[in-house]
Amino acid sequence: KILLGYDGFMIPAFVGFIEDDARNYFPFDNTIRAAGYLKLAQYQYPNAVSYSSQTDTYIVDDLCSKAGINNRSIEGAGTTLGTVEAISLDAGRPVIDLINDIDQVFGYKTFDGPDGLVRRMIISGLPAASAAFAYTQGTNIFSVDRPRNIRGVHNKVVIYGLPQPSIVWPTVRQEENTLVPNPPQYIAYVFRSNIIQTTALASTVALRLMGEVNR
């Protein structure tokens, strides 16, 4: 456990475990490598795992449990996955691979919290509803230029999901953007995932991504 602060006012900055250490009698030094508990999910898992008709919340929570992560707080969208084809993880792969695949679809992030909890929560690219800092009146507090450019702007989202005879991919969502001239009129952001197995989920993902990438 690492605490930061002074004079009794301390807050946790890191809680984890010693993954490796080395001791040398000369020149008398110790080397310690510490890791957060999410590192347990990065080791190879020996068995194949598959999920059919289970929610994203359940799958990520179960994967963390299989990795030996006991202290966790897993939030989720509660969307049922694997209704067409099972969501699977091959033997010998780390469970974090499947966790990351699911998180990318729903805009969530699974990470080590400073209190030792492995957390999963939505991390949105949208601006916050409230400011991170409160400024008081004064002079030369802050100034910024606001150039109009299209760097990083995408006003068209193209989604490819699991290949199957009943669905013709991609699912496309596009909107006008005053920063994008005509031509090209639309600048595409392409997202591919076999986690997406229905057009309904593809539309939901396209709507979320449009809100994040269309600036």
Side-chain angles (χ1 to χ4, degrees), residues 14-21 32-125 157-172 189-209 212:
F14 173 83
V15 177
F17 64 97
I18 297 176
E19 185 181 29
D20 190 21
D21 65 344
I32 296 175
R33 183 171 66 190
Y37 291 108
L38 188 60
K39 182 62 182 287
L40 297 172
Q42 299 176 33
Y43 300 140
Q44 291 181 339
Y45 191 70
N47 304 319
V49 181
S50 64
Y51 300 94
S52 298
S53 299
Q54 298 286 354
T55 65
D56 65 297
T57 318
Y58 173 84
I59 295 173
V60 173
D61 187 72
D62 187 65
L63 289 170
C64 288
S65 176
K66 283 180 165 52
I69 301 171
N70 298 319
N71 297 325
R72 59 188 188 271
S73 175
I74 306 300
E75 300 178 9
T79 302
T80 302
L81 302 176
T83 56
V84 177
E85 181 177 295
I87 306 298
S88 60
L89 179 77
D90 294 334
R93 288 182 58 195
V95 299
I96 193 66
D97 288 354
L98 184 52
I99 291 174
N100 286 337
D101 288 346
I102 296 173
D103 284 353
Q104 289 172 2
V105 170
F106 293 96
Y108 280 73
K109 186 67 177 177
T110 304
F111 60 95
D112 277 302
D115 54 359
L117 277 178
V118 169
R119 299 181 181 275
R120 182 185 191 245
M121 57 192 303
I122 192 165
I123 305 295
S124 174
V157 174
V158 181
I159 305 292
Y160 289 90
L162 178 73
Q164 48 190 298
S166 59
I167 298 179
V168 178
W169 300 107
T171 294
V172 177
Y189 179 88
V190 180
F191 184 84
R192 301 173 183 269
S193 175
N194 285 347
I195 302 293
I196 301 172
Q197 301 182 358
T198 65
T199 54
L201 180 54
S203 298
T204 300
V205 174
L207 177 62
R208 175 182 64 81
L209 288 176
E212 295 183 0

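The model shown is predicted, which means the values in this text are computed figures rather than measured ones. Count residues from 1 along the sequence. Just so it is clear, the values below take in all heavy atoms, side chains as well, and ignore hydrogens, waters and symmetry mates.
With contacts defined as side-chain heavy-atom distances shorter than 4.5 Å, the pair Asp56/Arg120 qualifies. Using a 4.5 Å heavy-atom cutoff, the side chains of Cys64 and Ile99 are in contact. The side-chain heavy atoms of Ser53 and Thr83, taken from C-beta on, include a pair separated by under 4.5 Å. Tyr37 places none of its side-chain heavy atoms less than 4.5 Å from the side chain of Asn70.
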- Message: Run the side chain to side chain contact (heavy atoms under 4.5 Å, CB included) test on Phe106 and Leu81 for me, step by step, so that the C-alpha distance in whole Å, both residues' side-chain angles and the decisive distance to 0.1 Å come before the verdict.
- Response: CA-CA 12 Å; Phe106 293 96; Leu81 302 176; 3.8 Å; yes
- Apply side chain to side chain contact (heavy atoms under 4.5 Å, CB included) to Leu98 and Tyr45, showing your working. CA-CA 11 Å; Leu98 184 52; Tyr45 191 70; over 6 Å; no
- Query: Given Ser193 and Asp101, is the side chain to side chain contact (heavy atoms under 4.5 Å, CB included) satisfied, shown in steps?
  - Reply: CA-CA 8 Å; Ser193 175; Asp101 288 346; 5.6 Å; no
- Please walk me through it: do Leu40 and Phe17 pass side chain to side chain contact (heavy atoms under 4.5 Å, CB included)? CA-CA 10 Å; Leu40 297 172; Phe17 64 97; 3.9 Å; yes
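Between the CD atom in Glu75 and the CE atom in Met121 there is a gap of 5.5 Å [rounded to 0.5 Å]. Taken to the nearest 0.5 Å, the CG atom of Asn100 stands 6.0 Å off from the CD atom of Gln104. Put simply, CG on Asn71 and CG on Asp112 are 11.0 Å apart, with the number rounded to the nearest 0.5 Å. Of the inter-residue distances, the one linking Glu19 atom CD with Gln42 atom CD reads 8.5 Å to the nearest 0.5 angstrom. Expressed to the nearest 0.5 Å, how far CG of Leu207 lies from OG1 of Thr171 amounts to 12.5 Å. Taken from CD1 in Ile167 to CD in Gln197, the straight-line distance is 8.5 Å, to the nearest 0.5 Å.
Closest heavy-atom contact between Leu63 and Val95: O-CG2, 3.9 Å. Taking each heavy atom of Ala77 and Tyr108 in turn, the nearest pair found is N-OH, 3.4 Å. Of all heavy-atom pairs spanning Thr57 and Gly76, the tightest one is OG1-CA, 3.2 Å. Nearest heavy-atom pair, Ala86 versus Ser50, reported as atom, atom and distance to 0.1 Å: CB-CB, 4.2 Å. Heavy atoms only, all atoms of each residue included: Ile123 and Glu212 are closest at O-OE2, 4.5 Å. Of all heavy-atom pairs spanning Pro170 and Val158, the tightest one is CB-CG1, 3.4 Å.
A donor-acceptor contact shorter than 3.5 Å links the side chain of Ser203 to the backbone of Thr199. Judged by distance alone, the side chain of Trp169 and the main-chain N or O of Ile159 form no donor-acceptor pair under 3.5 Å. For Arg72 (side chain) and Leu38 (main-chain N/O), no donor-acceptor pair under 3.5 Å exists by modelled atom type.
A search for ring pair (Phe, Tyr, Trp, His ring centres under 6.0 Å) contacts involving Phe111 returns nothing, not counting sequence neighbours. Residues passing the salt bridge (charged side-chain N to carboxylate O under 4.0 Å, His left out) test with Asp90: none are found, sequence neighbours excluded.
A side chain to side chain contact (heavy atoms under 4.5 Å, CB included) with Ile195 holds for exactly one of Ile59, Val205, Ile87; it is Ile87.
Side-chain contact of Asp62 with Tyr51: a donor-acceptor pair under 3.5 Å is present, judged by distance alone.
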